[in-house]
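This report concerns only the one structure given below.
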Amino acid sequence: MRYDSITEAIGNTPLVRIDPAVHGLRHIDLYAKLEMLNPFGSVKDRPAWHMARPLLAEAAATGRGTVVELSSGNTAKALALLAGMHGLGFKSVTNRMRVPEVKELLLLLGAEIEELPGRSECLDPTDTEDPLTRFHQALSEPGGSYLHTDQYYNPLNVEAHAAGTGPEIVADLDGKAPDWFVACVGTAGSSTGVAKVLRAQDPSVKVLGLVADKSDFIPGIRTIDEVHQVGLFDPGTYDTIEPVTSQEAIDGMLTLIRRCGILSGPTGGAAYHGAVRRLRRVDAGLGGDERRAAVFIVCDRAESYLSYVRARRPELLGAATRAAAPLTSPDDVPPREPVKVVEVAEAREWLGGAESRPLVVDLRGPHAYAALHIEGSVNIVDELFDELLRGGLPFSKSRPVLLACPVGEKSVRYAALLTRMGHPDVRSLAGGIVGWRDAGAPLVHE
Ligand SMILES: Cc1ncc(COP(=O)(O)O)c(C=O)c1O
C-alpha cells in the first residue's frame, strides 16, 4: 500500500469475527468493525475528513483560518492533525476536558483548547444559558472567521459513514447486511450513517444504540438523558437504546483486549458488552441451524484512557486489590449510601453561621469556577479530587465540608465517599451551582 497522503489511509477498516468461545452465542456470528485502526486512531477520522475537506481546500488557498469544533476527544484529534497538514490552526472548544491524556495529546498536536463553563459534556442547543451553546450559535453566524466543522449538525458527519463504514460492512459480509448493528451514540453520526446503508440493503436490520448510564461517564458518548437533545440524533434510527455503565464498558474493554487481541477503548468495550447482553436473548430464541450476524463498532484504542481506568479499577493497573484498597472514587460507593443533602436556603444559613465555618469545595472545571462561584469556596476539579482522595481524607475532620458541583449529582457521590472515609460532617449542595444561581443566591467571579 502506497499513499500520497495519510488521508488516503482513512477507512477500509477490518471487520473481525469474535471467537464464539469468547462471547458464547451459539447461533450468532459477532463481528467487530475496527474503526480504531483509522490513521488518527478513531471512528471520527472519517467524518472529520469529510467535514473538513471542503473548508480546508478553500482556506489552504489563502493560508489563513482556524478550524474550530466543539469536541473534547476524537473529532478534535483528527481535525487538529488535518488542520496542521494544511498549515492551519485548530481550536477545540469544550465545556469539559475530562480525560487528561486526550487533553495532553491535543496540546501535543498543536491544538488550542478553550474550556468554557458548562453543565454537561455535550452541546445542548435548547439550553440558551449554556456558554457552549452560545459559542456554537456565534460560530454558525455568517461572516465568522472560523472554519467550523459543526459535527453536531453537519450532514457530512452522517454521510461519511453512509459512504464508507456502512458499505464496507456490507461488502465484507458478502453483500449482505447483518441482522443486528450495534453502536455507541455520541453525535449519532456513525450509527445514523451506517443504519441508513444497512436498512437500504435490508429493511429488517435491527439497530441497537448504546449510551452511558444515567450520571455515569463513558468518554465520547452521551448519557441516556443527553441523547435526545441534539442535532443529528433521530430516535427512528434505533430499534432500542440501552444504557451501559462505565464498569460494564471496562469489562467489555477487558474482554476485547485480553481475549481477542483488540486494543479497544471504553466505547468499544461498551459496544461489545451491550451487544452480547442483548444478543444473548436473541440467541436463546434461535434453534437448529439458524444463523444470524451482528456487527458492533470499536471506536478507538485503550491507551488514552489509562487514568479513566485507574480511577475506576485501580487493581487493573497494579494498585492494591479492590477489596483491600481504600475507597478513592465516588463510583466505589454504593448509590444508596446515606448522604446529607442540603437545599440552597439551608446551605446559606449554615455557611452564614458564625461557629461552623464550613469549607465549600467547588468540584467544577476551573473556567466554570472562574466565571461564577460561591464566595470563599475553593476549586478542586473532580479528577484532582480523585487524586487527593487516594492519599486519604484531604480535609481536617474538625471542619465541616459543603460539596458543590454543576447540578448536585456528582457532589452527592463524593459526599458519600468522604462520609465512608470517616469525615463526620460532609454535605452536598442540592441542585449544585445551577440550583444556587436559580435560587438567586449570590455568586462572585474572579
Ligand atoms: C470514543 C468514541 N466512541 C464513540 C463515539 C460515537 O460516535 P458518533 O459521534 O458517531 O455517535 C465517539 C464520538 O466522538 C467517540 O469519540
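Remember, it's 1-based here, ligands and their atoms both numbered in the order they're listed.
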When you look for heavy atoms under 4.0 Å from ligand 1, do you find them on the side chain of N157, its backbone, both, or neither? neither
Out of all atoms in ligand 1, which are within 4.0 Å of some heavy atom of S190? Include the element for each. 7 (O), 8 (P), 10 (O), 11 (O)
What I want to know is whether T267 and ligand 1 share at least one N or O pair that is separated by under 3.5 angstrom. yes
Give yes if a backbone or side-chain nitrogen or oxygen of T187 is under 3.5 Å from a nitrogen or oxygen of ligand 1, and no if not. yes
Taking N or O atoms only and a 3.5 Å limit, does A188 qualify as a polar contact for ligand 1? yes
Atom 16 (O) of ligand 1 has as its nearest protein heavy atom N74 ND2, 2.9 Å
Show the atoms of ligand 1 that are less than 4.0 angstrom away from any heavy atom in K44. 8 (P), 9 (O), 10 (O), 13 (C), 14 (O)
Within the structure provided, determine whether V298 and K33 are in side-chain contact (heavy-atom separation under 4.5 Å). no
Just wondering, more than 12 heavy atoms not from E58 lying within 6.0 Å of its CD? no
I'd like to check whether G186 has a polar contact with ligand 1, where a contact means an N/O of the residue lying under 3.5 Å from an N/O of the ligand. yes
Do L34 and L37 come close enough that some side-chain heavy atom pair is under 4.5 Å? yes
Judging by distance only, is a nitrogen or oxygen of D300 under 3.5 angstrom from one on ligand 1? no
Residues Y152, F233; criterion ring pair (Phe, Tyr, Trp, His ring centres under 6.0 Å); working and verdict: CA-CA 9 Å; Y152 286 100; F233 176 76; over 10 Å; no
Run the numbers for me: atoms of ligand 1, each under 4.0 Å from some heavy atom of V185, listed by number. 11 (O)
